[in-house]
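One structure is given here, and the rest of the page talks about it.
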Number of protein chains: 2
Amino acid sequence: MSHREESVATIQRELTSFARRARATAAQLHPELSLVSFTLLAHLEDEGGCRATDLAAHYLLDKSTVSRQIAGLERLGFVERRVDPADQRVQVLHLTELGARTLAQVTASRRVALQERLADWDEADLDRFAGYLRRYNAGR
Amino acid sequence: MSHREESVATIQRELTSFARRARATAAQLHPELSLVSFTLLAHLEDEGGCRATDLAAHYLLDKSTVSRQIAGLERLGFVERRVDPADQRVQVLHLTELGARTLAQVTASRRVALQERLADWDEADLDRFAGYLRRYNAGR
DNA sequence: CACTTCAAGTTGTAACATACAACCATCGGG
DNA sequence: CCCGATGGTTGTATGTTACAACTTGAAGTG
């Protein structure tokens, strides 16, 4: 196995291991907002509102799954729907004020945990790690 | 926000985004072996056999969940149990020949996908990225 | 305009995954 | 020999997800 292949194998192993734990970690940190709900809210924040179909495409979920997730988030008062005047079928989803506040809280508590974990990394390493992750995720 | 905080924020965002997609990606790539089953088999391979309790601790799962997962994998003929002669309560889990072969296939197909995605990375970057991921996961 | 086709969302259904609690069996130490 | 701790299974409830069938509205075509 070449050096290159070994690196790829390591990346594979570590990413898998991370993915596997992510759900449980998220659930422990804030039981009120699952990993999926959290990412949906975050996406709404980033995009400043989007359609359910967009969420489904972006997160590789079935539209029925998104429909139910959104219904739950609406029940919690975190998102609201605004019918697109140009197309009555479309519901543009937006964060409510409460949704934005909750998202901010959860993001902050996650960040604290992450900061602790990365406490002994120096700034240059953090910067490069962040860059690699961004590059990896962009590559699709 | 300091440079350091910005890097941490990026890492948080990218890791979350990755985690969110991982399950669906895995499911598409090989419907026969979910992400969880895959990681359990991989762990057995790495460790050369271990207890259900170890799996639960490592993957932050309830022991009942692991118990059912293992039951499923046993039904599929991928793992076998050997009672520890030193402690009758303990079942040491091992990959069967079929389990090892299936795991190897899935690992290989995942690796191909990953290699494609990392095709335009140079070797030094791959090496550093792998190192950062290992360091990140080790930090707990 | 009527007809067809397509896109956005919802709902019915079934399969899993998961946690928690209760439980059983076994081990090890007083 | 009992008793607490450990490994594991089973009962139960909840949540996530996909697939399929359906509803509604949009858009194009004759």
Contacts of type ring-ring contact (aromatic ring centres under 6.0 Å, His included), residue A/Phe78, not counting sequence neighbours: none
Residue met sooner reading DNA chain C from 5', once A/Lys63 and A/Arg23 are mapped to nucleotides: A/Lys63
Earlier contact from the 5' end, DNA chain C, for A/Arg20 and A/Asp54: A/Asp54
For DNA chain C, the residues among residues 64-89 of chain A that have a non-hydrogen atom under 4.0 Å from it: A/Ser64, A/Ser67, A/Arg68, A/Arg81, A/Arg89
Interatomic distance, A/Leu60 CG vs D/dT16 P [rounded to whole Å]: 18 Å
Spacing between A/Leu40 atom CG and D/dT17 atom P, to the nearest angstrom: 9 Å
Within 45° cone of A/Tyr136 ring axis and under 6.0 Å: B/Arg117 NZ or CZ: yes
cation_pi(B/Arg110, B/Phe38) dist<6.0 Å, angle<=45: yes
Span of DNA chain C in contact with chain A (heavy atoms, under 4.0 Å): C/dA7 to C/dT18
All side-chain contact (heavy atoms from CB on, under 4.5 Å) counterparts of [X], not counting sequence neighbours:
X	result
A/Glu116	A/Val112
B/His43	B/Glu47, B/Cys50, B/Leu55, B/His58, B/Tyr59
B/Arg81	B/Ile70, B/Ala71, B/Glu74, B/Gln91, B/Leu93

B/Arg20 and A/Leu61, any side-chain heavy atoms less than 4.5 Å apart: yes
Heavy-atom side-chain contact between A/Thr53 and A/Val90 under 4.5 Å: no
